Structures are given as structure tokens and as C-alpha cells.
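Every number for a ligand or one of its atoms is a count from 1 in the order of the listing. Values in this document were obtained by computation on a predicted structure and should not be read as measured data.
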Amino acid sequence: MTETREPVEELLDAEWRADRLALRLNTIRAQRPPQLSHQGVLDQRIAAWSAELVARRAGNLVVVGDVGVGKTWSVWEALDRAVRAGWLGGFKVATSADWQDATAPPVDREQLRAMRVVDFLALDDLGSFRINDWQRECLLSVVDERWQHGLPTAITTNMRKLSEPLGDRLASRLRDGATVIALSGADRRKGR
Ligand SMILES: Nc1ncnc2c1ncn2[C@@H]1O[C@H](COP(=O)(O)OP(=O)(O)O)[C@@H](O)[C@H]1O
Ligand SMILES: [Mg+2]
């Protein structure tokens, strides 16, 4: 027997979803730092990746470029855009201080667990700082588990060759099936 849904149920579902999306958009905008909230145009390739996130088909995203070209801004903008398009996934944008804190002994197990399982994780400025073997192992456990479960991870970095700062095991999991976008241009912070 096929189940038929009452129109009122459909309506309630749609309302519930709209409420959740509005809440999620508020959450993202409250967490997004003011200095990364400028209005602007998102790189088309990153916009396409954002649409993949909404369709639950997104792989990893690697945003490479020099300082100030808009790497971190692009990650936030891609998330904002995904929510506006109906994405309700959980997300975490970890600054370099966040992920360095979480991986410095004694490790923050709760944070690391959250980073392993959240629907979307961004690790900002990965590879731009020297990481020790201990931190590399911690990050590897996060990235490996996400890779095994096909959960998308984005990184921003100014290093073109990821395996140098991160090691082959970490770099290869991050690169696997990833959309790699090189942003170029001037340091936007200097032009103000
Ligand atoms: N496409 C854009 N349009 C408008 N402002 C932008 C854009 N990309 C970046 N910015 C702004 O430029 C500054 C530098 O961007 P940021 O993402 O911090 O660069 P990066 O992470 O590459 O160092 C930030 O204040 C950000 O809000
Ligand atoms: Mg940045």
C-alpha cells in the first residue's frame, strides 16, 4: 500500500524546513567574522562546488593562493550560498588557532571528534604553519575518517605543494577527488 501524505503534512514539513534554514543562515552569519563578511562575487568554480554541497555530492575543496586573495572569505561565502540554496548540514570552520589548539597536547578530544564527524569541515590556513609529528597524526585521524566516510573537507593554504608541510598521507587524502582552486590577485586587505 502506498502511503499518501495529507496536504497539511506537506505544508508543515515545508514550514519546518524554512524555519530551520532561516535559523541556519542566522547561525552562519553570526559565526562569520565581520572582517570576512564583505559583499562580493564568489569565484564561479567555488560556487559550483557549493552547489555540489547542496546536492550532497561535494568532494573536498582546496583553495590555494597568496595572502589576502580571498581564500577564507570564499569558504564562508560558499557556505552562506549553500544554506541559501537549502543545505541544512552541520558545519565547522576551524581557524588555524582552532585546529592548532585542538591538536596540541593535551589534545581536545571533543573538538577532534566534532571535526571528524561534522557534515562539512574547513581547516583554514593549513600548511601555512609548521606542524609537528603529533599534530600531523591528529589531523590525519580527522582527515582519514572524513575521507573514509566521504565527508567533504575544505582547506585554505598558501602552499602549492601540500605534501611538503603536511606529509604524503595527509596530502593524498585531502587531494583525493578534490576540487582544487587557485585564487590569484592582489592582497585585498592592502587596497583598503
Ligand atoms: N570576492 C570578494 N569580494 C569582496 N571582499 C572580499 C572578497 N574576497 C575577500 N574579500 C575580503 O578581502 C579580505 C581578505 O580576504 P581573506 O579571505 O581573508 O584572504 P585570505 O584568506 O586569502 O588571506 C577580507 O576582508 C575579505 O572579507
Ligand atoms: Mg585566510
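- Between Arg17 and Asp13 there is no salt bridge, since none of the side-chain N atoms of the basic residue sits less than 4.0 Å from a carboxylate O of the acidic one.
- Thr156 lies apart from the Mg ion (ligand 2) in this respect, since none of its N, O or S atoms is found at a distance under 2.8 Å.
- Of all protein heavy atoms, the one lying nearest to atom 17 (O) of ligand 1 is Trp73 N, 2.8 Å.
- Ligand 1 has Leu36 within reach: a non-hydrogen atom of the residue lies less than 4.0 Å from it.
- In the model, Thr95 has no side-chain atom that pairs as donor or acceptor with a side-chain atom of Asp124 under 3.5 Å.
- With Thr103 as the fixed residue, the side chain to side chain donor-acceptor pair (under 3.5 Å) test singles out one of Gln111, Glu137, Gln135: Gln135.
- Taking every non-hydrogen atom of Val41 and a distance limit under 4.0 Å, the qualifying atoms of ligand 1 come out as 1 (N).
- Of the protein's heavy atoms, Gly40 CA, 3.3 Å lies nearest to atom 3 (N) of ligand 1.
- Here is the list of ligand 1 atoms found below 4.0 Å of a heavy atom in Asp66: 22 (O).
- At under 3.5 Å, a nitrogen or oxygen of Val69, whether backbone or side chain, sits near a nitrogen or oxygen of ligand 1.
- For atom 10 (N) of ligand 1, the nearest non-hydrogen atom of the protein is Arg188 CD, 3.4 Å.
- In summary, the atoms of ligand 1 found under 4.0 Å from a heavy atom of Gly68, numbered by their order in the structure, are 14 (C), 19 (O), 20 (P), 22 (O), 23 (O).
- The protein heavy-atom contact nearest to atom 11 (C) of ligand 1 is Arg192 NH2, 3.3 Å.
- Using a 4.5 Å heavy-atom cutoff, the side chains of Val142 and Leu121 are in contact.
- Annotation: side chain of Val63 is not in contact with side chain of Trp73 (no heavy-atom distance under 4.5 Å).
- For atom 5 (N) of ligand 1, the closest non-hydrogen atom on the protein side is His38 CB, 3.6 Å.
- The two residues Trp134 and Ala104 make their nearest non-hydrogen contact at NE1-C, 4.2 Å.
- Residues Arg81 and Ser50 bring no donor and acceptor atom of their side chains to less than 3.5 Å of each other.
- Under the 3.5 Å distance criterion, the side-chain polar atoms of Thr179 are left unmatched by any main-chain donor or acceptor of Trp49.
- One finds no salt bridge joining Arg173 and Asp176 here, because no Lys/Arg side-chain nitrogen approaches an Asp/Glu carboxylate oxygen to under 4.0 Å.
- Atoms of ligand 1 lying under 4.0 Å from at least one heavy atom of Thr72, given by number and element, are 17 (O), 21 (O).
- When only non-hydrogen protein atoms are considered, atom 19 (O) of ligand 1 lies nearest to Gly70 N, 3.1 Å.
- Shown in contact with Gln35 at under 4.0 Å from a heavy atom are these atoms of ligand 1, numbered in order with element: 24 (C), 25 (O), 26 (C), 27 (O).
- In Asp124, neither the side chain nor the backbone holds a heavy atom less than 4.0 Å from any atom of ligand 1.
- One option in Lys71, Arg189, Lys190 has a heavy atom closer to atom 22 (O) of ligand 1 than any other, and that option is Lys71.
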If you apply the rule side-chain contact (heavy atoms from CB on, under 4.5 Å), what do you find for Thr157 with Asp125, and how did you get there?
CA-CA 5 Å; Thr157 183; Asp125 271 335; over 6 Å; no
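- Atom 4 (C) of ligand 1 has as its closest protein heavy atom Gln39 O, 3.3 Å.
- Pro165 has its side chain out of reach of Ile131: every pair of non-hydrogen atoms, C-beta onward, lies at least 4.5 Å apart.
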